[in-house]
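Computed from a prediction, not measured in an experiment: that's the story for all the values here.
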Amino acid sequence: MSDKNLHIITHDIPLPANYGGVVDLFFKITSLHGLGVKIHLHCYHSGKQPQPELLKYCESVDYYPRKKNAIMLFHSVPYIVQSRNDRSLLENLKKDDHPILMEGIHCTYLLKNGSLKGRKIYVRLHNVEYRYYQQLAKHESNILKKIYYRFESYLLKNYEKSIAPFATFFAVSKMDAEIYRREFNCRNIEMLPVFIPWNKVNSQPGKGSFCLYHGNLSINENEKAADWLLNNVFNMLEIPFVVAGKDPSLPLQSLAHNHSYTCMVVNPSDSELQDLVQKAQINILPSFNVTGVKLKLLNALYNGRHCIVNRAGAEGTETNQLCSIAESADDFKKLIQLLFDKEFGDDKITARNEHLQAIYDNEKNARQLISWIY
């Protein structure tokens, strides 16, 4: 496979791999490298520092600053795409005729404008972007941000439909693939599971002493989920509850501190967060967004004990049988009371290993990706 070269364009620098949007990127790169693919990486960024470690896995790494200009907010091309448009990227891609993998709708500007006509181009969908922005708008309280999310969603829907005929797409879930087929008449789309850091289940048998919700709390959907749990589920439960995540708002911190059995861990390190996930008795992960794949749920299944989610939280991961499913606040309360004193056994760990490895095997999925591209 040493003759296989591949350009990969990413919406962000994939190191450190500390949030869902770049975890799939980084572990896809390492998996392809491990199978002999020569990767030529092109990273857009918003001021992050170059990461020399990427040269361990890539033949070359080029960085392109993301443009920040308010005028682009009024362009017919979505802002997340328009702001990732750099002439030097096109010049670098035209130096050869290697296949090109565009990571996310964010990186498809050159596909839309036809500059790469005749090249083999593939697009990795992180989710159905227009639906994701619909959800962001729905949960946003800031009126200006809400207007931006709604307008971006409108532009994205038209944009995603317009590019659907011009590449082969790789969706992270069967649901996202079906939406592209049904709504955008996309004929060339495959489902490719996300690439992950875990190769086996590391859950600990026995019991933990608290419940945990974790996520990037600067994202409004995650803040709403934490707020909902505090106000509707743990408002009357005398069970320890930990909320952990990045950049929580002051109102959310205040809400957590006002609950007698709740504490908040602000900006935990990766190791601290993993320790919480592993030591919790129950990982509780409701979601208000039904597109994409929730990597925090996969983290909880690979490393934690009991998991309670709603259907939206489990959507896309094909893991419903490994979770306890609840929808209403009362359903969540009943399951928490049922599972909080229930031992997590080795049989559960075995079942998780068998099910998860059948889907999320990085090497197997990298080989599948290579077969589609070459």
Side-chain angles (χ1 to χ4, degrees), residues 10-14 16-26 44-48 66 78-80 83 103-106 125-153 156 172-173 176 194 196 212-233 242-256 264-270 272-274 276-277 283-300 309-310 312-317:
T10 64
H11 72 298
D12 197 356
I13 300 172
N18 57 3
Y19 71 94
V22 295
V23 168
D24 178 51
L25 300 183
F26 179 69
Y44 279 99
H45 68 92
S46 298
K48 287 172 66 173
R66 186 180 176 190
Y79 179 74
I80 63 170
S83 59
E103 283 286 347
I105 291 298
H106 316 60
L125 299 175
H126 296 169
N127 49 46
V128 180
E129 288 295 338
Y130 94 84
R131 290 198 171 196
Y132 176 66
Y133 274 78
Q134 276 183 343
Q135 296 295 319
L136 290 177
K138 180 179 178 182
H139 303 304
E140 182 56 62
S141 57
N142 182 297
I143 188 63
L144 291 178
K145 288 184 179 180
K146 183 182 285 287
I147 291 170
Y148 162 67
Y149 290 142
R150 283 179 175 172
F151 186 57
E152 190 80 345
S153 174
L156 280 163
V172 296
S173 72
D176 288 1
V194 294
I196 58 175
L212 174 68
Y213 175 82
H214 76 277
N216 181 349
L217 298 171
S218 68
I219 296 175
N220 62 21
E221 178 213 344
N222 293 337
E223 177 169 6
K224 182 174 180 180
D227 184 285
W228 182 80
L229 288 169
L230 287 165
N231 280 321
N232 298 283
V233 177
V242 176
V243 178
K246 178 183 176 183
D247 297 339
S249 68
L250 291 177
L252 184 62
Q253 292 184 55
S254 177
L255 180 61
M264 175 170 280
V265 181
V266 177
N267 295 323
S269 67
D270 290 345
E272 288 171 333
L273 182 59
Q274 289 306 103
L276 288 169
V277 169
N283 279 269
I284 304 172
L285 295 166
S287 176
F288 298 99
N289 182 355
V290 295
T291 66
V293 168
K294 311 301 185 294
L295 279 172
K296 59 189 173 186
L297 173 58
L298 292 177
N299 185 7
V309 296
N310 58 354
E315 190 67 59
T317 58

Quick one: [atom1] on [X] to [atom2] on [Y], what's the gap to the nearest 0.5 Å?
X	Y	atom1	atom2	value
L156	Q134	CG	CD	10.0 Å
N220	F288	CG	CZ	11.0 Å
Y44	D12	OH	CG	13.0 Å
I80	Y132	CD1	OH	10.0 Å
N127	Y133	CG	OH	9.0 Å
L295	I196	CG	CD1	8.0 Å

If we only count heavy atoms from C-beta on, is the [X] to [Y] side-chain gap below 4.5 Å?
X	Y	result
H214	V277	yes
H11	I105	no
L217	K246	no
L252	L230	yes
P286	Y213	yes

Shortest non-hydrogen contact from [X] toward [Y]:
X	Y	answer
R66	S46	CD-OG, 3.6 Å
V22	P16	CG2-O, 3.8 Å
P14	L25	CB-CB, 3.9 Å
L276	A244	CD1-CB, 3.8 Å

Checklist entry - Does the pair S287 and N310 meet the rule for a side-chain contact (heavy atoms from CB on, under 4.5 Å), with working shown? => result CA-CA 7 Å; S287 176; N310 58 354; 4.2 Å; yes

Look at the side chain of [X] and the backbone N and O of [Y], then say whether any donor-acceptor pair between them is shorter than 3.5 Å.
X	Y	answer
D247	N216	no
Q253	M264	no
K48	I13	yes
D24	V194	no
D227	E223	no

Item to check | Contacts of type side-chain contact (heavy atoms from CB on, under 4.5 Å), residue D270, not counting sequence neighbours | outcome: N18

Checklist entry - How are the rings of H106 and H126 set relative to one another: parallel (under 30°), tilted (30 to 60°) or perpendicular (over 60°)? => result tilted

Next on the checklist: Is there a side-chain contact (heavy atoms from CB on, under 4.5 Å) between N222 and K296? Walk through the geometry before answering.
Outcome noted: CA-CA 11 Å; N222 293 337; K296 59 189 173 186; 2.8 Å; yes

Item to check | Residue pairs, two or more places apart or on separate chains, that pass salt bridge (charged side-chain N to carboxylate O under 4.0 Å, His left out) and touch residues 128-149 | outcome: R131-E183

